[in-house]
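Read through the structure below, which is laid out as structure tokens, and then see the notes.
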Amino acid sequence: MKKLLITTILIFCFISTYSQDKVKFTKKNFTIPSISPSEFPCLDDVLTQSTTFQIADKVPVALPMLKKDYFKIDGFIKDVNENGQMKIYVSISQPEYLKSRVDTFFNKKTYRFYYVPSYVFKVTIKVEVKCKAQSIYTEEFKALERIPVDEFQTKEELIKGLTNIELKNEFGSEIEKAVNMSLMNIQRKLNQKLGYFTNQSKETFVFLTNKEHPEYAKMLEFENEITAQMAKVTLEKGLDAMALVPHVAYLEGLLTKYPASPDNTKIRFIVTNNLAQLYFLLENKDKALLVSDLLIKNDMRKIWGRELIDRTDNARFANLKIRHHLPRFSELKKLGFQMQQEAIQEKEDTRLAFFEKIERDIADWEQEKTNRLKYIETAKNTKISMLDSVSKQNNAALLKKIVDGYGGGQILKGVEKVHILSKLTFEETNIPVYDEKWGLAFTNYLLKKKNPDLFYVVVNQAESWQHDDRVRAEKWKKMSNSDYLNVLPNLDPLYLLSSFRLDLWNNYELLADAIIDGRLCYHLTYIEKTVNSSNRSVPKTEHHLFIDQEKNRVISSEKIEFEDGKKLSFERKIYQDYRELISLNSGAVPHRILYQIEDFYGETFYQEQIEKIEINSGFANRIFIKEVYSGGFK
């Protein structure tokens, strides 16, 4: 019996030793998606980023272009409104010019040498990154940027060009390029530190293949489980630690069951490799390093253990949090889709608001035209009423003489239109320019300002537009109500021809006599006032009218515009020649006018001499006038 027992034990040991010696293993490779996270765990749940630039004075860079081009950090959505959860603050100092360098190259086609200069700038840019108001990274980047410029064909041109540029310090575009080059390098550095990248990692597990080995059944269970779990790994979810708990405990038990010895080299290689790989994927850094060290000491394939130690040391782990598998990119897709929908909705809201605004503008415009028509009708009735009751107005005797001088009240009530053909000649160019202009009282009025730029005002009863070549925006636009009321007096032919405003007569105050153009004149004045922001009355427009005491004709008119109580512009007309018109019942209108404009915002002074010559006195209630202008800026 004793011999039988000893024989049985010997046979079992032989079979066990034989099975271990004959253990076979096979590799199974898995490719799983993972995320290469940033260096800062606080950014793991941050999805949006924005950049704020502080630029030193005289740095020739455009802020809108910087906001558009920088910074784009991978794994974030750029918020152009500076509301990002991660904020990057960039301070750009004035780049310093250090030196110039010249390279030469030979063009084989032209058989000539060319000289290509380049300039070296020292660029200093300070960057601070904040995550939810907490500063996580600060660095001052200093770089020497070399910027090449256009080549020169000769040494003389090169020397002259470099001298001019360096003396004048004209490095606008070169400085801008240097700043952009530095910012591109900084963006690459920030992406390494802050960015999140998707990755495909290759993981290797080793399994027993000898069915006679006593651990084969359990290792087969582990193989099936890890295969199933690896198939479930996504960017958002890593390995299921709970499902692998019994298998981890089993593998750790094998290290005790099979102590280090030459006979256990193969089984310990399988166990230590699988355990080290598991702990790495479960982000248990300490145990991954410990088991990787056992894999090296096992002395079967040391290179596997060293690779696992390097990967573990270089990986970015967080306590109780798998950073290689985050819901980041799925959340980015959701946020991107949400922002896209919001943009679509905003665009639709903008489109609807645009048409609603058109409807409101049309309604407002119709109401404004109604108000303007009432104002025009009131002004017309007031004029007719005054002409019918001259004797009841202020300074009645003087008003009667002036009205009679224009042909009488009944004639003036009938004249509503003036047609003017103009010829403009400017002293600087001496090139005549012809244009038609109409002055149709209460119907249509086209006014051209006498200067080299085209400036039109068109009034058709209640409607009015103005055209200005001096602006880059829309050339034609509707006039505001205030501008319309300012130009409305031009619809009166009497005012258009002689600057006599009947509607202001009762507002005029008679002052002491004045000498104008060598003639003794009555001096009438009227000051329009407005209320400023301090609720104080300040002058808006000051009118002066000088009337010849001998012939009772307007000799001169002056108008001074004010802004916030300060003089803005001055305009004067001096009428030097009156001629009778049969169509006005032998009433006289001026034919020669000296016209002066002075702008108090600048040093411009413009003077014109105008001759008005009758072409045709008939045509019902229309007067035809020809104007010849000459003048220029002084």
Side-chain angles (χ1 to χ4, degrees), residues 33-56 61-93 124-141 179-180 182-199 201 233-238 283 314-350:
S34 61
I35 296 175
S36 298
S38 76
E39 293 183 8
F40 308 99
C42 73
L43 293 175
D44 288 346
D45 57 348
V46 169
L47 302 179
T48 59
Q49 64 94 11
S50 59
T51 307
T52 301
F53 291 92
Q54 183 179 0
I55 306 171
V61 293
L63 181 59
M65 295 304 296
L66 292 184
K67 285 181 173 290
K68 176 186 175 184
D69 296 337
Y70 308 100
F71 286 108
K72 297 173 183 176
I73 308 301
D74 291 323
F76 294 86
I77 290 179
K78 186 176 180 180
D79 188 338
V80 295
N81 295 321
E82 300 184 1
N83 297 321
Q85 295 165 303
M86 178 181 72
K87 298 184 185 297
I88 304 174
Y89 297 90
V90 182
S91 179
I92 303 175
S93 303
T124 302
I125 298 177
K126 184 178 180 181
V127 175
E128 182 181 9
V129 182
K130 290 187 177 181
C131 172
K132 301 177 181 178
Q134 176 188 358
S135 181
I136 59 174
Y137 173 71
T138 302
E139 187 170 348
E140 186 174 74
F141 294 89
V179 170
N180 282 320
S182 290
L183 288 175
M184 282 191 286
N185 293 329
I186 293 172
Q187 180 166 265
R188 283 192 287 269
K189 178 75 175 289
L190 291 181
N191 262 311
Q192 295 173 2
K193 288 185 168 294
L194 309 174
Y196 288 78
F197 306 89
T198 57
N199 197 8
S201 63
V233 174
T234 64
L235 287 176
E236 293 78 30
K237 182 182 178 182
E283 298 202 4
N314 294 327
R316 294 167 183 164
F317 297 125
N319 292 332
L320 304 178
K321 186 173 182 180
I322 301 174
R323 297 192 64 219
H324 285 281
H325 301 280
L326 299 166
R328 169 169 215 87
F329 287 94
S330 62
E331 293 297 326
L332 281 175
K333 288 180 182 178
K334 293 178 185 177
L335 180 59
F337 178 77
Q338 177 186 344
M339 292 172 66
Q340 184 182 22
Q341 295 302 309
E342 290 176 354
I344 292 173
Q345 185 61 43
E346 182 179 352
K347 189 174 181 180
E348 178 64 16
D349 292 343
T350 303

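- Contact of the Y70 side chain with the I88 side chain is not registered, since no non-hydrogen atoms from C-beta on lie closer than 4.5 Å.
- Within 6.0 Å of atom NZ in K237, 12 or fewer heavy atoms from other residues, nucleotides or ligands are found, so the atom counts as exposed in its surroundings.
- Taking each heavy atom of I73 and Q49 in turn, the nearest pair found is N-NE2, 3.7 Å.
- Heavy-atom minimum distance, L183 versus I125: CD2-CD1, 3.8 Å.
- Side chain of K87 to backbone of G84: a donor-acceptor contact under 3.5 angstrom is found.
- Within the 4.5 Å cutoff, the side chain of V90 has no heavy atoms near those of the L66 side chain.
- Proximity of a side-chain donor or acceptor of D74 to a complementary backbone N or O of G195 within less than 3.5 Å is not detected.
- Proximity of a side-chain donor or acceptor of Y89 to a complementary backbone N or O of K126 within less than 3.5 Å is not detected.
- A donor-acceptor contact shorter than 3.5 Å is absent between the side chain of E39 and the backbone of K193.
- With sequence neighbours left out, Q345 forms a side-chain contact (heavy atoms from CB on, under 4.5 Å) with D349.
- Side-chain atoms of K78 do not come within 3.5 Å of backbone N or O of T51 as any donor-acceptor pair.
- By the 4.5 Å heavy-atom criterion applied to side chains, V179 and I55 are not counted as neighbours.
- Using modelled atom types, no side-chain atom of E140 and backbone atom of T124 make a donor-acceptor pair closer than 3.5 Å.
- Taking 4.0 Å as the cut-off between side-chain N and carboxylate O, E331 and R328 do not count as a salt-bridged pair.
- Ring geometry for F76 versus Y196: interplanar angle over 60°, hence perpendicular rather than tilted (30 to 60°).
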